[in-house]
Amino acid sequence: MIYLDHNATTPMDPQVLEAMLPYLKEHFGNPSSESHPYGWQAKAAVEHARKLVASVIQASPEEVIFTSGATESNNLALLGYARANGQFGKHLITVSTEHKAILDTCHQLEREGFEVTYLNVDHKGFINIEELKKSIRKDTILISVMAANNEVGTLQDIKKIGEIAHENNICFHSDAAQAFGKMNIDVNELNIDMLSISGHKIYGPKGVGALFIKKKKPKLELQALNFGGGQEGGLRPGTLNVAGIVGLGKSSEIVLSSLEKDQEHLQSLNKLFLSSLQNQLSDIVINGPKENRLCSNLNLSFIGVPSAALMMELREVAVSSGSACASGNASASYVLQAMQLSEKKIQSAIRFGFGRFNTQEEILKAAELVIQAVKKLRGT
Ligand SMILES: *Cc1c(COP(=O)(O)O)cnc(C)c1O
């Protein structure tokens, strides 16, 4: 099979697995054990990983805490910040095309008495900056906007959004599960206060992630979601997932040295795939923007071909419809619906996600298989 679903998850880089193995075997210590070398060694490994993750986003290591993934980071950022700052206001702003880990967390906050504005997006998935400005209220405490969308790859103008948040003394969080490791992120330049990161979207292991929390004055107050041994500054207690953290550190280290090469590779695969399809097929629509788009993502509608039927036909290519996470039912993609795409585009949307280890040959083969399947289903 050819794996083209890298927005859902990525295979681990073999170097990451190599780096992790000793921490699953002989270096099994608990980083909180202060009385012997087992603990010291585990702690040193965790702190090294923290440095590497921080360097990818130009943060300092004290600003990074480890979690179980971007879902937990999003929960901690939103619930933790809102609950700790509710006395200053009860209003938050986010976007209708965010990942469920943001939207469902916002729904929880609504049950707790907060109000949330869900910004609309245009046909390409971008928010309207003027609408954002208008939605800000005296009691707005937090704005959360994802850096890169997981279905259509839209890259929001994070820098501008952060600037607006700060002009209004509002905390700015961004879910960067898709953007981290795929594009340059400088949390200071981009005015980001909190940033969510996931390991398994950047060739690291599943079940590990991080939350960047900017060190600033006055301090950003967050309320922990769990209680226990006081690890990670008390914000995320529980024995650390040492091997996972080492893996996230190693994947970050690889990003530090190969980001540009990866970007060029992904861009060229993306172009090659699209042009191969366009050479042979008509009525293909690109969903999402042509510019300001995640280089690893291509969301296409093959008009007249239901995505479920196409996926059934494409037995040797792993892809998903626009709504893979939600239900496997293409018409359910709330992201494409929020972009107000026509029903025929939504029904026929397929998300292709390219990755570091895809080769040109695989891409040409996958394109050929898609062309055959579409022609067959169209009866042409
Ligand atoms: C994958 C993803 C998440 C969830 O990350 P996990 O580490 O799997 O919890 C959140 N947000 C976005 C945009 C994602 O792509």
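Computed from a predicted model, the values in this text were never measured in an experiment. Both counts, for ligands and for their atoms, begin at 1 and track the order of listing.
- The ring pair (Phe, Tyr, Trp, His ring centres under 6.0 Å) analysis of residues 234-269, with sequence neighbours excluded, yields no pairs.
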Inset, instruction - Take Tyr203 and Phe357 through the test ring pair (Phe, Tyr, Trp, His ring centres under 6.0 Å) and record every step on the way to the result. - result: CA-CA 10 Å; Tyr203 313 94; Phe357 302 115; 5.7 Å; yes

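- Using a 30° and 60° split on the angle between ring planes, Tyr3 and His6 fall in the perpendicular class, above 60°.
- Both cation-pi conditions hold for Lys100 and Tyr334: the charged atom is under 6.0 angstrom from the six-membered ring centre and inside a 45 degree cone around its axis.
- Here Lys43 pairs with Pro31, Glu47 under the side chain to side chain contact (heavy atoms under 4.5 Å, CB included) rule; sequence neighbours left out.
- The 4.0 Å heavy-atom shell around ligand 1 contains residues Gly69, Ala70, Thr71, His99, Met146, Asn150, Asp175, Ala177, Gln178, Ser198, His200, Lys201, ordered by chain and number.
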Atom pairs and distances, donor-acceptor, side-chain atoms in residues 361-374, under 3.5 Å, two or more places apart:
| from | atom 1 | to | atom 2 | distance (Å) |
| --- | --- | --- | --- | --- |
| Glu362 | OE1 | Asn358 | ND2 | 3.1 |
| Glu362 | OE1 | Thr359 | N | 2.9 |

